[in-house]
Student: 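Shown below is the structure under consideration.
Numbering of ligands and ligand atoms starts at 1, following listing order.
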Amino acid sequence: MRTSVLLMTCLAAFASAMNIIPQPVQVSPIMDASATILTGAKVEAPAAFAAEAELIRSAFKGPSNGTTIQLVQVTAPINTFEVGDEGYTISAEPAQPVIISARTAAGAFYAYQTLLQATYKGNDGKTYLPPGLIRDKPRFAWRGMMLDEGRHFFGKEHVKRFLDLMAMHKFNTFHWHLTEDQGWRVEIKKYPKLTQIGSWRDESPTMGDRNKGDGKRYGGFYTQDELREVVAYATKLHITVVPEIEMPGHAAGAISSYPELGNTDVKGYAPKVNSRWGVLPYIFAPKEETFRFIDDVFAELCPIFPGAYFHIGGDEAPKNQWDNSAFAKDVLKREGLNNSHELQSYFIKRVEKLLAARGKKLIGWDEIQEGGLSKTATMMVWRDWKWAHHAVNNGNDIVMAPTSHTYFDYGQGGTPKGTQFEVIGGNLPIEKVYSLNPVPGDFTPEQAKHVIGCQAQLWSEYNFNWNKVEYMAFPRACALSEVVWSPQEGREWKNFKGRLDNHLKYLDAAKVNYRKEDGSPAVTDKMGRGQ
Ligand code: ACM
């Protein structure tokens, strides 16, 4: 009897330690030892880890029980394991303090996230940590999620919730797509018309009938105080916020507010905030006035976003207006450029200099190579994987964001009926997300170093409200968390799927409106605009 109870306890402990998502580098359970009670543990930590110590204390609060959790800041490998900038180890040996080691507060934070999943509740209501050793660190430095608020605007409380869910899965980069043809979402004090005019569209596509308007004015924007509040919130979660301000295309929000920034000399010039999704002809004119405007926007936004990178879009900028503008043609001649693709390269390189002067590195979608890629830009590969090769052969860093595996606006395989389930198209089931290796198979180890990470895209024309965002994001984000965190060689779909089935309890506890296996939403099907 005793043996079987002990065996069952060990198996329960083993199962909980094995169920972590994203899967750690190494989990080595000690099979015939008892688990440590964490409820009521005393937490000791150096000042550098004070915030993480407090998180652990409050997660496991209760009457004191004699357990100590020691957070230790290390500067050298731990028994040969190099934790790096974001890694950690957790050692839980019988009758010893639980020891969490990390170089950085980020590492300690990820140890905390792991503890939340590695523990289990005993019949006595206390929380137990199975005995063993966990060694862990991420595969990639850029582990991202992109949220488009240009098409639909969700507001800071939803964004903070999104950041919490990202942190739970050890994502560290929030790419915030803030301006679009359909709406400009950030307050710029020097240019008030951006939010008086550019943040609002006359109507939106009707749900289920995308070519028809719904007749309802729609929009919204973040004040700079709200942006700062979100960044501060993200910082505590060790998430860097990378803002995206689109240029030269996808800029109708800005150009409608200040028409002089566009190609005013083309026929029929009449910019307007767009009420349908699509690629629009309106792009910034290559005027000194435009570069001054962009620099003014950077002047207000760069101090708000402390991260190293600033995203300038760069995608889907049709060249018709430049090809038909006498002014743009004069710039081409003046600068000795051969065509409008080279003009795009000129535009992006000038913007890169403006950012560099403010201490920021430029990142842009893969069209930033049109007409010649700057040696120092970072490229986000979203279309053909050939652009990964192109950039890396040019010596540039890349972030993988391919439509083939990371476009979470695509369908997830079978969809229930109802206009609230409408998606842009495509099909990206979770298995396919999980199958992604962000490093192209034929890359050498030297080339692979240029792949700094990978991210998912939540384009939001058909994410009508926040419930829909969660439905589209989860559980595919759980799969992607493992793609970007866990070692490639240990990953296996069946194994992940088993852990995911258990992991859903954490999503349930957080009331996440994830897509269930039968296609239905976990919490609510109120996923329509205005619901
Ligand atoms: C993109 O999907 N236009 C980057």
Student: Sequence neighbours left out, what pairs pass salt bridge (charged side-chain N to carboxylate O under 4.0 Å, His left out) with at least one residue falling in residues 191-203?
Tutor: R201-E461, D202-K272, E203-R276
Student: Is R228 close enough and on-axis enough to Y233, meaning under 6.0 Å and within 45°, for cation-pi?
Tutor: no
Student: Please enumerate all residues that pass side-chain contact (heavy atoms from CB on, under 4.5 Å) together with N427, with sequence neighbours excluded.
Tutor: P429
Student: Counting only heavy atoms and a distance below 4.0 Å, can you name the residues contacting ligand 1?
Tutor: D315, E316, W365, W382, Y407, W459
Student: Mind telling me whether Y218 and H152 have parallel, tilted or perpendicular rings, with 30° and 60° as the class edges?
Tutor: perpendicular
Student: Suppose we screen for salt bridge (Lys or Arg N to Asp or Glu O under 4.0 Å). Which residues come up paired with K417, at least two apart in sequence or across chains?
Tutor: none
Student: Parallel, tilted or perpendicular for F474 and H169, by the 30°/60° rule?
Tutor: tilted
